[in-house]
Amino acid sequence: MNLQEWKKRNWKAKKYAHFDARKNLSQVWHYISDKRNIVKHGFYPFIHYTQKHRRYNCKKKSHTKEREIAYAAHVDRYIYSYYGFMLNELYMKELQKQNLMDVPLAYRTDLGQNNIHFAKKAFDFILMNEPCYVVIGDFHHFFDNLDHKYLKKQICTVLGQKSLPDDYYAVFKNITHYSTWELNDLLELNNLKKGQSGIKTLNEKERVLSNEEFKKLKHKYVKPHNLDFGIPQGSPISAVLSNIYMLEFDKKLNEYVQKNYGKYMRYCDDFVVIFPQKKGNTFGEDINFIRNLVKETDGLELQDEKTQIYLYENEVVQNISSTYVKTTNAKNTIDYLGFSFDGKEITIRDKTISKYYYRMYRKAKHIVASKGITKNNHRISSINLYLKYSEKGAKIGKGNFFKYVQRADKIFNGESDKDEWGITKKTKRHMVKIRRILNKIEEDNSTTP
């Protein structure tokens, strides 16, 4: 991506309200492109909130997962985004230099591919290298644990300098030793209710607080991040910094894996390593190499519970995790980037399907419970349910779940009509299930006087 492409992507102002007024890129370009301004720029606190969303399993049980989100003021966002762009251009050159173009997958603007393509590459390699060992790993609280000193060193490597230039140091200092202001406190200060309705009203304002209110209240509400590790997840520069942080790790692990004729791919804090079974050094030595490399890298910690190790042989996937890590979650299916492989068939992951059906049933049950009538006595159309949760919506160009299923089916199975992999297998009866529950609406409405 060149500078003009970056400008085009970032031209429009964001719609959310913050401590400064909304601005588009043309209003701030001369300011943010002058290094002298960045050195003395006063960054506002991030607005912080905890995003909660439900995770589902194949037994239709759910649990809440929390994710800490912090978003920057408008001018600050442009600065972070611009410096993130410049760092990413240098990072891409470093990837080429180190022969790592196929290793980091997340936050890349040059690949022109998505998770479906990445998953297919991993499974293709597994299938072509049977028998083989597969390691699926996950780093614990990745963004929260990034060590500042190590991050600074890695940025200097990418810049090709011994120390950070003054403008880069100003950006680095404010993304590492940042401060936050809780979104809920801002809602309360504006006499708004917590939740989506209050947030919507807040974002309709020009600013969340006036300059006078900000100066008066900041000492009470601003929380500084005084730790020597952690960067906010959600800022425009956090993604590229996380990739830069992993540069040395990626290089060492990829060199080791390639020497053993394997494959290593990393999507942010999730990674897969595939080792073809071989004579000579044992797989135990391979696992020890990964463990030691993680220990040697400041701020990295593997989650044992999410580390899964498999042996794929004779079209059978065997989970052997308990031999190497402490885990109770030992299914004989390889799950990677939303897809599952049981040794014979590749399908969309059960959790993804369960999440789809849970949401579809919840929407349909709401229609049933209200007997197809809103509080204002308007009829609820089931057309929207079909558009959002069925293949009908996908056929007319709607970006629903089935559009994703169709894309996955095309990428995994190509243009042929032969369904080699069961990508659509678990969704084939969805229309029947939708009709079944919507029939209750017609029955209830027909008995209503």
Side-chain angles (χ1 to χ4, degrees), residues 1-7 9-10 33 35 38 79-114 117-118 121-122 137 139 142-143 145-176 229-231 233 235-260 262-273 289-290 292-294 296-300:
M1 180 170 60
N2 59 38
L3 181 59
Q4 291 306 313
E5 290 173 328
W6 176 84
K7 284 185 174 182
R9 288 190 180 195
N10 291 274
S33 59
K35 298 177 182 180
I38 306 306
I79 294 171
Y80 288 132
S81 182
Y82 179 50
Y83 275 78
F85 158 73
M86 291 190 291
L87 282 171
N88 192 60
E89 292 301 292
L90 295 171
Y91 170 71
M92 296 300 299
K93 291 179 180 178
E94 197 66 26
L95 289 184
Q96 289 180 323
K97 179 181 175 183
Q98 303 292 347
N99 193 29
L100 293 171
M101 292 298 287
D102 295 330
V103 172
L105 306 174
Y107 318 124
R108 296 275 298 276
T109 58
D110 62 310
L111 294 176
Q113 296 182 330
N114 56 37
H117 296 94
F118 304 146
K121 286 181 181 179
F139 296 115
F142 183 55
F143 285 91
N145 288 333
L146 298 186
D147 182 83
H148 295 166
K149 187 176 180 181
Y150 185 79
L151 175 60
K152 185 179 179 181
K153 174 187 170 185
Q154 294 298 94
I155 297 173
C156 287
T157 298
V158 168
L159 291 172
Q161 300 192 32
K162 293 183 179 180
S163 61
L164 294 179
D166 290 343
D167 55 329
Y168 277 91
Y169 178 74
V171 174
F172 171 80
K173 181 180 67 176
N174 283 280
I175 199 64
T176 52
F229 53 87
I231 62 174
Q233 189 169 356
S235 85
I237 200 172
S238 295
V240 65
L241 290 183
S242 71
N243 271 342
I244 290 172
Y245 190 93
M246 295 296 292
L247 192 56
E248 190 67 19
F249 178 94
D250 288 344
K251 176 187 174 183
K252 290 179 179 178
L253 183 52
N254 192 57
E255 285 178 351
Y256 178 86
V257 171
Q258 286 193 336
K259 285 179 182 177
N260 290 279
K263 189 172 187 63
Y264 164 51
M265 299 164 67
R266 179 180 60 80
Y267 193 94
C268 191
D269 56 348
D270 297 316
F271 67 85
V272 58
V273 184
F289 181 88
I290 296 174
N292 291 333
L293 184 58
V294 170
E296 291 170 5
T297 308
D298 295 338
L300 293 189

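In this text the structure is predicted, and so the values were computed from the model without any measurement.
Residues L100 and L247 are in side-chain contact: their nearest non-hydrogen atoms beyond the backbone lie under 4.5 Å apart. A heavy-atom distance below 4.5 Å is not found between the side chains of D298 and K149. Using a 4.5 Å heavy-atom threshold, the side chains of M101 and D110 count as touching. Within the 4.5 Å cutoff, side-chain heavy atoms of F289 are placed close to those of L253. Under the 4.5 Å side-chain criterion, counting only non-hydrogen atoms from C-beta, F142 is not in contact with Q233. Contact of the M265 side chain with the L105 side chain is registered, since non-hydrogen atoms from C-beta on lie closer than 4.5 Å. Residues P104 and R266 form a side-chain contact, since some pair of their non-hydrogen atoms from C-beta on lies under 4.5 Å apart. Counting heavy atoms from C-beta outward, R108 and M92 have side chains that approach closer than 4.5 Å.
The minimum heavy-atom distance between I231 and L146, with the atom names listed, is CD1-CD1, 3.8 Å. Heavy atoms only, all atoms of each residue included: Y91 and V158 are closest at N-CG1, 3.8 Å. Considering every non-hydrogen atom in both F143 and S242, the closest pair reads CE2-CB, 3.7 Å. Counting all heavy atoms, side chain and backbone alike, S33 lies closest to Y82 at CA-CE2, 4.1 Å. The two residues A106 and N243 make their nearest non-hydrogen contact at O-ND2, 3.2 Å. For the pair V240 and L87, the tightest heavy-atom approach, listed with the atom from each and the gap, is CG2-C, 4.2 Å.
Scanning for ring pair (Phe, Tyr, Trp, His ring centres under 6.0 Å) contacts around F118 gives an empty result, with sequence neighbours left out. Residues forming a ring pair (Phe, Tyr, Trp, His ring centres under 6.0 Å) with F172 (at least two apart in sequence, or on another chain): none. With sequence neighbours left out, the ring pair (Phe, Tyr, Trp, His ring centres under 6.0 Å) criterion links Y169 to no other residue.
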- Intermediate values then yes/no, side chain to side chain contact (heavy atoms under 4.5 Å, CB included), L151 and F229: CA-CA 9 Å; L151 175 60; F229 53 87; over 6 Å; no

- side chain to side chain contact (heavy atoms under 4.5 Å, CB included) evaluation trace for Y150 with E248: CA-CA 11 Å; Y150 185 79; E248 190 67 19; 3.5 Å; yes

- Task: Take F85 and L3 through the side chain to side chain contact (heavy atoms under 4.5 Å, CB included) test and state the conclusion after the steps.
- Result: CA-CA 8 Å; F85 158 73; L3 181 59; 3.7 Å; yes

- Item | Step-by-step side chain to side chain contact (heavy atoms under 4.5 Å, CB included) determination, E89 to K93 | CA-CA 7 Å; E89 292 301 292; K93 291 179 180 178; 5.7 Å; no

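In this structure, the separation between NZ on K35 and CG on D166 is 10.0 Å, given to the nearest 0.5 Å. Separation of atoms CG (L300) and OH (Y245) is listed at 5.5 Å; rounding is to 0.5 Å. With rounding to the nearest 0.5 Å, the separation of CG in L90 from CG in L95 is 11.0 Å. Rounded to the nearest 0.5 angstrom, L293 CG and K252 NZ are separated by 6.5 Å. Taking CG of L111 as the reference point, atom CG of N114 lies at 10.5 Å (rounded to 0.5 Å). For the atom pair OH (Y168) and CD1 (I155), the distance works out to 9.5 Å, reported to the nearest 0.5 Å.
Side chains of N174 and Y80: a donor-acceptor N/O pair is absent below 3.5 angstrom, by distance only. Checking Y264 against D250 by side-chain atom types alone, a donor-acceptor pair falls below 3.5 Å.
A distance below 6.0 Å separates the ring centres of F139 and F271.
Formation of a donor-acceptor pair under 3.5 Å by the N260 side chain with backbone atoms of G262 is not found in this model.
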